[in-house]
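Below, chains carry the letters A, B, ... as their sequence lines are ordered, and counting in each starts from 1.
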Number of protein chains: 2
Amino acid sequence: MPAPSAASEARQNLTANAWADAALEAIATGGLDAVAVEPLARKLGVTKGSFYWHFNSRGELIRAALDLWEKSETVDILARIEPTSDPYERIVNVFKQANASYRAGRLYLAIAAGEDHPVVNEYVRRVSEARMNYLRDCYRDLGFSESQARHWARFAYATFMGNLQIRRDTPDAMPQGAEFNEYLRLMITTLIPREVAADGAPEHPHVVPMRRAGTP
Amino acid sequence: MPAPSAASEARQNLTANAWADAALEAIATGGLDAVAVEPLARKLGVTKGSFYWHFNSRGELIRAALDLWEKSETVDILARIEPTSDPYERIVNVFKQANASYRAGRLYLAIAAGEDHPVVNEYVRRVSEARMNYLRDCYRDLGFSESQARHWARFAYATFMGNLQIRRDTPDAMPQGAEFNEYLRLMITTLIPREVAADGAPEHPHVVPMRRAGTP
DNA sequence: CTCTAACAATACGCACACGTATGGTTCAAG
DNA sequence: CTTGAACCATACGTGTGCGTATTGTTAGAG
């Protein structure tokens with residue numbers, strides 16, 4: 001374990017961050033197992049000897065990378081959409097932000113895939129819960145009861161996560177351009193009911209047993 | 001490569017399937033990388049020598065496991081819900097089936113996580129597309145236009161996939177018992193509009209700009 | 001100029017998994 | 001009883017990644 005002096009802390013932190021960044025990049029493309037010291041060192045143009053000065057173990061690097069990730073996925077994201085106080089707009093922004101960065105989506109899925117690892121699970125849970133709680137608060141501000149708000153937040157979050165997966169696994173099934181915007185509008189208008197009755201349920205007849213079309 | 005005689009084919013196929021089953025189980029719990037010959041052999045009470053008689057390589061085992069998986073996830077599943085000719089009920093059944101087996105969900109996510117592997121990607125694409133196409137047909141039978149049916153199928157499939165992920169990553173966020181049924185009903189009633197207008201869009205005012213409650 | 005902290009290269013031991021080679025066991029056919 | 005196929009064990013070589021130890025190299029403080 002190095003004992004960094006105050007003078008050199010800036011440079012040391014910078015290179016440690018470089019390692020963590022490279023680790024995140026490796027996760028995004030090759031999954032958690034791609035965080036291997038020797039390949040990363042090769043990619044960074046150094047050898048293991050450098051790595052084990054900055055970190056004590058591979059696990060420490062993973063923690064550092066996950067710290068970086070958690071920060072970028074909660075603090076940074078939410079800070080960017082917080083200014084809007086309108087809950088409707090906030091939810092819409094979450095959706096648009098979510099579908100904006102392809103890399104962030106891949107990263108999320110790759111990290112979540114390592115949920116058997118207890119440390120990773122810890123981070124994934126925190127990030128997921130933060131996002132779902134954020135959505136729940138939006139729905140509550142929209143006038144939903146606590147219970148309904150949780151349901152809708154879970155629903156919306158699931159849809160969001162599933163879209164990430166579809167885009168990764170079957171990109172051809174995800175439209176682009178105008179058709180994608182149409183798809184996005186459909187999801188937004190469906191997932192954000194705009195009138196709420198006194199009992200905390202949406203107003204338009206979602207649960208009315210009004211049989212489908214086609215078989216009158 | 002062995003040249004099995006007709007007499008012993010039954011036993012040989014049986015043990016080859018045992019290997020493939022064990023491989024699937026390994027994927028479900030430890031991901032694709034857990035499909036390692038030597039650990040699997042230990043778990044099956046044999047050694048590598050046995051494995052390399054049945055298969056030529058680790059990749060061949062993965063293919064066999066994925067064959068098994070593809071069959072269980074498309075043919076078997078769809079056969080079980082096909083009897084119902086009512087498209088509404090078919091979609092509902094897809095949702096209920098999807099949320100029924102925890103193991104199948106984990107398996108799906110674990111396999112999908114290895115989409116960088118070209119062979120795996122091939123299987124994942126086929127299974128995903130088969131399911132989405134099935135849903136699309138249901139929506140079309142419900143009276144939707146081709147374009148709208150695709151949108152709704154993608155939407156429903158994304159929600160379904162996301163719920164798998166939520167249940168895996170943050171099980172506490174997924175309710176159980178009566179509350180889960182409530183959640184399920186919410187998703188079903190939201191994702192299956194029951195009246196379709198002539199232009200192929202749902203009838204109730206999804207896209208009417210009828211501002212939300214709370215800020216009159 | 002010297003010394004020391006920060007940083008990096010090299011070399012080593014270890015563990016584990018892939019794949020191969022080869023020998024051992026069982027069983028049924030001839 | 002012999003033979004050969006089916007099936008499995010053992011042993012080996014190779015690659016690769018982790019972690020450690022040891023030895024440079026560089027730059028700034030004194």
Side-chain angles (χ1 to χ4, degrees), chain A residues 1-23 25-27 29-66 114 116-120, chain B residues 1-23 25-27 29-66 114 116-120:
Chain A
M1 176 124 52
S5 71
S8 68
E9 189 157 357
R11 200 169 68 199
Q12 192 229 326
N13 278 350
L14 197 141
T15 42
N17 258 22
W19 279 100
D21 272 333
E25 190 58 36
I27 293 177
T29 64
L32 249 181
D33 305 292
V35 183
V37 177
E38 283 156 320
L40 280 182
R42 276 195 292 273
K43 201 161 290 180
L44 290 176
V46 295
T47 61
K48 286 195 303 186
S50 167
F51 173 81
Y52 281 98
W53 192 90
H54 294 288
F55 300 92
N56 279 321
S57 68
R58 174 178 175 267
E60 221 171 61
L61 171 62
I62 290 181
R63 271 204 123 90
L66 290 177
D116 32 307
H117 197 300
V119 175
V120 175
Chain B
M1 176 126 49
S5 71
S8 69
E9 188 156 358
R11 199 167 70 200
Q12 191 228 324
N13 278 349
L14 197 142
T15 41
N17 258 23
W19 279 100
D21 271 333
E25 190 58 36
I27 293 177
T29 65
L32 250 180
D33 304 293
V35 183
V37 177
E38 281 157 322
L40 280 182
R42 276 195 292 273
K43 200 161 290 179
L44 290 176
V46 295
T47 61
K48 288 194 303 187
S50 168
F51 174 81
Y52 281 98
W53 191 89
H54 293 288
F55 299 91
N56 278 321
S57 69
R58 174 176 176 268
E60 220 172 60
L61 171 63
I62 291 181
R63 272 204 122 90
L66 291 177
D116 32 307
H117 197 300
V119 174
V120 176

Asks: Restricting to non-hydrogen atoms, name the atom on A/I62 and the atom on A/L32 that form the minimum distance, rounded to 0.1 Å.
Replies: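 Closest approach of A/I62 to A/L32: CD1-CD2, 4.1 Å.
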Asks: Residues in side-chain contact (heavy atoms from CB on, under 4.5 Å) with A/A65, at least two apart?
Replies: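 A/A65: side-chain contact (heavy atoms from CB on, under 4.5 Å) contacts with A/A23, A/L24.
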Asks: When you measure from the side chain of B/R58 to the backbone N and O of B/V35, does any donor-acceptor pair fall under 3.5 Å?
Replies: yes
Asks: Would you call the rings of A/W19 and A/H54 parallel, tilted or perpendicular if under 30° counts as parallel and over 60° as perpendicular?
Replies: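 Tilted, since the angle between the ring planes falls between 30° and 60°.
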Asks: Roughly how many Å is it from CH2 in A/W53 to P in D/dA21, rounded to a whole number?
Replies: 17 Å
Asks: Under the side-chain contact (heavy atoms from CB on, under 4.5 Å) rule, collect the residues that match up with B/A64, sequence neighbours excluded.
Replies: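 Expected list: B/A20, B/F55.
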Asks: Considering just the side-chain nitrogens and oxygens of A/H54, establish if one lies under 4.0 Å of OP1 or OP2 belonging to C/dA8.
Replies: yes
Asks: Can you check the A/W19 CH2 to D/dC18 P distance for me, whole Å?
Replies: 10 Å
Asks: Under 3.5 Å, which protein N or O atoms sit close to an N or O of nucleotides 11-17 of chain C? Give each pair with its distance.
Replies:
{"from": "C/dA17", "atom 1": "OP2", "to": "B/R42", "atom 2": "NH2", "distance (Å)": "3.4"}

Asks: Distance check needed: D/dC7 P versus B/F55 CZ, whole Å only.
Replies: 12 Å
Asks: Residues in salt bridge (charged side-chain N to carboxylate O under 4.0 Å, His left out) with A/R63, at least two apart?
Replies: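 With neighbours one apart ignored, the set is A/E122.
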Asks: B/Y52 OH to D/dC8 P: how many Å, rounded?
Replies: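 Interatomic distance, OH of B/Y52 to P of D/dC8: 15 Å.
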